[in-house]
Amino acid sequence: MKPEDPLQDLPQSMRDEGKQLLTSGITTWGELQALDEMRISRLAASGRASARNLRRLKGMADLACSLDLAPQDAALLMHAGLATVTAIAGSTPQELVTRTGRLERQLRSGRPPVVDLALARRWILRARERQNTN
């Protein structure tokens, strides 16, 4: 996902936050990634959006834009406890597969695991490259 990509594919549970963001003129993942704490608080106070969910969306945007991930992949990593580029860069491919697989089993999604060792390795390499450029 690129920062200039339109804000879509938000989790269904965050539809109020999505509406609030669009109403406030935040239409791309990059604009969501750039939100500061004061703006998040104002957005939460002015509608049905919660500050907690807005922070989660900001974290998803940060992962998605920094590592060129789909929003669903960023959400999976966050919910598996790997919410930052640093956490991903410091993980092993096996750890990523284990943590995301465990989450999917707990959710009883019934689908085959999304993350395999090759994909985990690519994500980790991107995260390490991102750390080296900052």
**OP:** Please name the residue in the list Lys2, Arg122, Arg126 that meets the salt bridge (Lys or Arg N to Asp or Glu O under 4.0 Å) test with Asp68.
**Re:** Lys2
Which distance, rounded to the nearest 0.5 Å, do you find between the [atom1] of [X] and the [atom2] of [Y]?
X      : Y     : atom1 : atom2 : answer
Glu17  : Leu57 : CD    : CG    : 6.5 Å
Leu103 : Met78 : CG    : CE    : 12.0 Å
Glu129 : Leu67 : CD    : CG    : 10.0 Å
Ser50  : Ile40 : OG    : CD1   : 10.5 Å
Trp123 : Leu69 : CH2   : CG    : 6.0 Å
Met14  : Leu21 : CE    : CG    : 11.0 Å

Can you see which heavy atom on [X] is nearest to which on [Y], and at what distance?
X     : Y     : value
Arg99 : Leu82 : NH1-CD2, 3.7 Å
Arg52 : Arg56 : NH2-NH2, 2.5 Å
Thr84 : Leu63 : C-CD2, 3.8 Å
Leu35 : Lys58 : O-CE, 2.9 Å
Pro3  : Cys65 : CA-SG, 3.7 Å
Ala44 : Leu54 : N-CD1, 3.9 Å

Heavy-atom check, side chain of [X] versus side chain of [Y], under 4.5 Å:
X     : Y     : value
Pro71 : Trp29 : yes
Leu7  : Thr27 : no
Leu77 : Leu96 : yes
Pro11 : Met60 : yes

Subject >> Side-chain (Arg15) to main-chain (Gln12) donor-acceptor, under 3.5 angstrom >> reply: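 The answer is yes, because a donor-acceptor pair under 3.5 Å joins these two groups.
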**OP:** Test side chain to side chain contact (heavy atoms under 4.5 Å, CB included) on Thr100 and Val114 and set out the steps.
**Re:** CA-CA 8 Å; Thr100 56; Val114 175; over 6 Å; no
Subject >> Shared hydrophobic cluster, Leu117 / Ile124 (ILVMFWY, side-chain heavy atoms < 4.5 Å) >> reply: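 Yes.
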**OP:** Show the numbers, then the answer: is there a side chain to side chain contact (heavy atoms under 4.5 Å, CB included) between Arg42 and Ser24?
**Re:** CA-CA 10 Å; Arg42 278 196 301 246; Ser24 300; over 6 Å; no
